[in-house]
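Heads up: the structure comes next, in structure tokens.
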Amino acid sequence: MPELPEVETVVRGLSRHIVGQKIKHIHIPAKTSFKGTAKMAEGLKIKKITRRGKGIIIDLAKDQTILVHLKMTGQLIYVPSLRGGKPTKQSGLPRYARNDEKRLNYGHPTDDFTNTMPSKHTRVWFELSKGNLYFNDQRRFGWVKSVATKDALKDKFFAGLGVEPFDTKFTPAFLYVAIQRRPKSNIKAIILDQSLVTGIGNIYSDEALFYARIRPTRLGRSITKPDSTRLVGAIKKVLTKGIKYSGTSINTHRTPEGSMGRMQGYLAVYDRKGLPCRGTCKGKVEKIRLNGRGTHFCPSCQK
DNA sequence: TGCCCCCTGCAG
DNA sequence: CTGCAGGGGGCA
């Protein structure tokens, strides 16, 4: 579920809360969600937390690393505990997280945040020196891996990633050339390809194409240099906005504090089927199926 | 370079 | 009950 802005939100939150803490023990209620040897990471201090594409990299002392991919429904939730160690009833959830749910009235019936951690969706949890970090994953597509730091970027997922959208290498010229190499693919499939540019997913691809005024169905062959230029700008713009609002919480995305992102209130087309276009055109947002994904666009603004 | 699949739960 | 969901791997 999470795309670059959601993953970035999680990385920033975790960086504030758990860097410097020690991993005392790793609990693994769902064996298939964890790869590698947990023992290698236990007893080590958390040094740095970064992101590559939609993947999370937690560097530990002694050249050990924990890799995490949230896939569709993964969450990383940190619950500080007064005394550290195992969670207690009292440690539960931060109060502000529960209040947030109540105030927004957007909680899911099965939302883990109406419960205490670990929840029934907790697949892996880290007992830290001053609290607990929970990896929850309803659909079990996500994973946690324990690897040597030198092997982290050799991991199959990380090794296949292309340029970061905020890297200076992601330019209109770069994108234009890449698009011309795929003349028969539609533009949405091209910008979703993680081996070209990383971090764009289904929400932000629809959003970026809207702001670039390009129909998602357009073939690579038809994309001009001006189109590419607008698209690069639009991609940076929507990802920046997503980060600013702590990501999109239409469904399961939460910050490490348990709060929802707010970007769902600012989407132009995604999840807005039949609603008026946010532009001046008075058109209605259409939803089609493209490459097997729900795809939203304004037929009047996007050509 | 497209399709089916992994899995769980909600909306219609 | 069927279809659909912020991802991506493995397979023609």
Side-chain angles (χ1 to χ4, degrees), chain A residues 1-11 29-33 35 51-56 67-76 106-112 114 119-123 135-145 155-162 165 178-179 181-208 217 219-221 235 238-239 241-243 245-255 260-264 266-267 269-274 287-296:
Chain A
M1 59 115 313
E3 307 178 32
L4 188 151
E6 290 74 36
V7 176
E8 180 66 24
T9 298
V10 169
V11 165
K31 304 300 175 210
T32 52
S33 297
K35 315 283 182 196
R51 174 191 65 70
R52 178 81 174 90
K54 302 171 196 170
I56 298 170
L67 302 175
V68 182
H69 201 302
L70 303 173
K71 290 290 184 84
M72 295 287 266
T73 56
Q75 307 171 324
L76 282 170
Y106 207 96
H108 234 240
T110 57
D111 200 315
D112 284 339
T114 57
S119 79
K120 71 171 175 178
H121 296 124
T122 299
R123 310 303 183 196
F135 173 68
N136 304 328
D137 185 19
Q138 176 184 112
R139 294 174 72 180
R140 303 169 182 254
F141 289 169
W143 44 254
V144 178
K145 294 183 189 180
D155 174 90
K156 188 182 292 171
F157 169 76
F158 288 94
L161 296 177
I179 291 171
R181 280 198 293 263
R182 296 185 60 176
K184 294 194 280 194
S185 299
N186 60 69
I187 187 62
K188 177 165 174 176
I190 296 173
I191 62 172
L192 281 175
D193 181 353
Q194 303 297 299
S195 70
L196 177 62
V197 53
T198 66
I200 303 165
N202 206 35
I203 294 179
Y204 296 94
S205 61
D206 285 3
E207 293 294 298
T217 46
L219 265 25
R221 177 197 340 275
I235 286 170
V238 297
L239 295 178
K241 195 166 164 186
I243 294 169
Y245 290 112
S246 302
T248 304
S249 292
I250 287 172
N251 205 333
T252 53
H253 165 64
R254 295 296 183 277
T255 73
M260 302 198 317
R262 301 176 309 282
M263 182 64 185
Q264 62 277 15
Y266 302 89
L267 296 174
V269 287
Y270 187 86
D271 201 31
R272 300 195 69 245
K273 176 185 172 185
K287 182 175 182 186
I288 60 170
R289 190 143 280 267
L290 184 61
N291 316 317
R293 319 290 302 272
T295 298
H296 313 71

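None of these values were measured; they are calculated from a predicted model. Lettering follows sequence order; numbering is per chain, from 1.
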As its Watson-Crick or G-U partner within any shown strand, both distances under 3.5 Å, B:dT8 has C:dA5

Under 4.0 Å: is that the gap between some side-chain N or O of A:K287 and OP1 or OP2 of C:dG3? no

For the side chain of A:R139 and the base of B:dC7, is some donor closer than 3.5 Å to an acceptor across the two? yes

Quick one: A:L67 CG to C:dG8 P, roughly how many Å, whole number? 14 Å

Taking atom P of B:dT8 as reference, at what distance in whole Å does atom CG of A:N251 sit? 16 Å

Nearest of C:dA5, C:dG8, B:dT1 to any side-chain atom of A:S185? B:dT1

How is A:R289 classified with respect to the nucleic acid when contacts are heavy atoms under 4.0 Å: base, sugar-phosphate, or nothing? sugar-phosphate

With sugar-phosphate meaning primed atoms plus P, OP1 and OP2, does A:G294 contact a base, only sugar-phosphate, or nothing at under 4.0 Å between heavy atoms? sugar-phosphate

Check whether any side-chain nitrogen or oxygen of A:K54 sits under 4.0 Å from OP1 or OP2 of C:dG7, and answer yes or no. yes

Do NZ/NE/NH1/NH2 and the carboxylate oxygens of A:K287 and A:D271 come within less than 4.0 Å? no

Does a side-chain N or O of A:H69 approach OP1 or OP2 of C:dG7 to a distance below 4.0 Å, or not? no

Specify the separation, in whole Å, of atom CZ of A:F141 and atom P of C:dA5. 13 Å

Nearest whole Å is fine: how far is C:dG8 C1' from A:N202 CG? 13 Å

Do A:R293 side-chain and C:dA5 base share a donor-acceptor contact under 3.5 Å? no

Would you say A:K184 places a side-chain N or O within less than 4.0 Å of OP1 or OP2 belonging to B:dT1? no

Strictly below 4.0 Å: does A:K120 bring a side-chain N or O up to OP1 or OP2 of B:dG9? yes

How close or far is atom C1' of C:dG9 from atom CG of A:L192, stated in whole angstroms? 16 Å

What is the distance from NZ of A:K273 to P of C:dA5, rounded to the nearest Å? 10 Å

Applying side-chain contact (heavy atoms from CB on, under 4.5 Å) to A:V10 and A:V68, what does each step give before you reach the verdict? CA-CA 11 Å; A:V10 169; A:V68 182; over 6 Å; no

Using the P atoms only, state how far C:dG10 lies from B:dC7, rounded to an integer number of Å. 15 Å

If the cut-off is 4.0 Å, is A:H121 near the phosphate of B:dG9, judged by side-chain N/O to OP1 or OP2? yes

To the nearest angstrom, the CG-P distance between A:L196 and C:dG7 comes to 16 Å

Heavy atoms of A:T73 and A:Q138 approach each other most closely as OG1-N, 3.3 Å

Can you tell me if A:K156 touches the phosphate of C:dG10, counting only side-chain N or O atoms and a distance under 4.0 Å to OP1 or OP2? yes

Between A:K188 and A:N202, do the side chains contain a donor N or O and an acceptor N or O under 3.5 Å apart? yes

Among B:dT8, C:dG8, B:dT1, which is the nearest nucleotide to the side chain of A:R182? B:dT1

Residues A:D137, A:K71: salt bridge by 4.0 Å N-O rule: no

By the 4.0 Å heavy-atom rule, please label A:F157 as base, sugar-phosphate, or nothing. sugar-phosphate

Give the rounded distance in Å between these two atoms: OH of A:Y270 and C1' of C:dA5. 7 Å

Parallel, tilted or perpendicular: which describes the rings of A:Y245 and A:Y266, with under 30° parallel and over 60° perpendicular? parallel

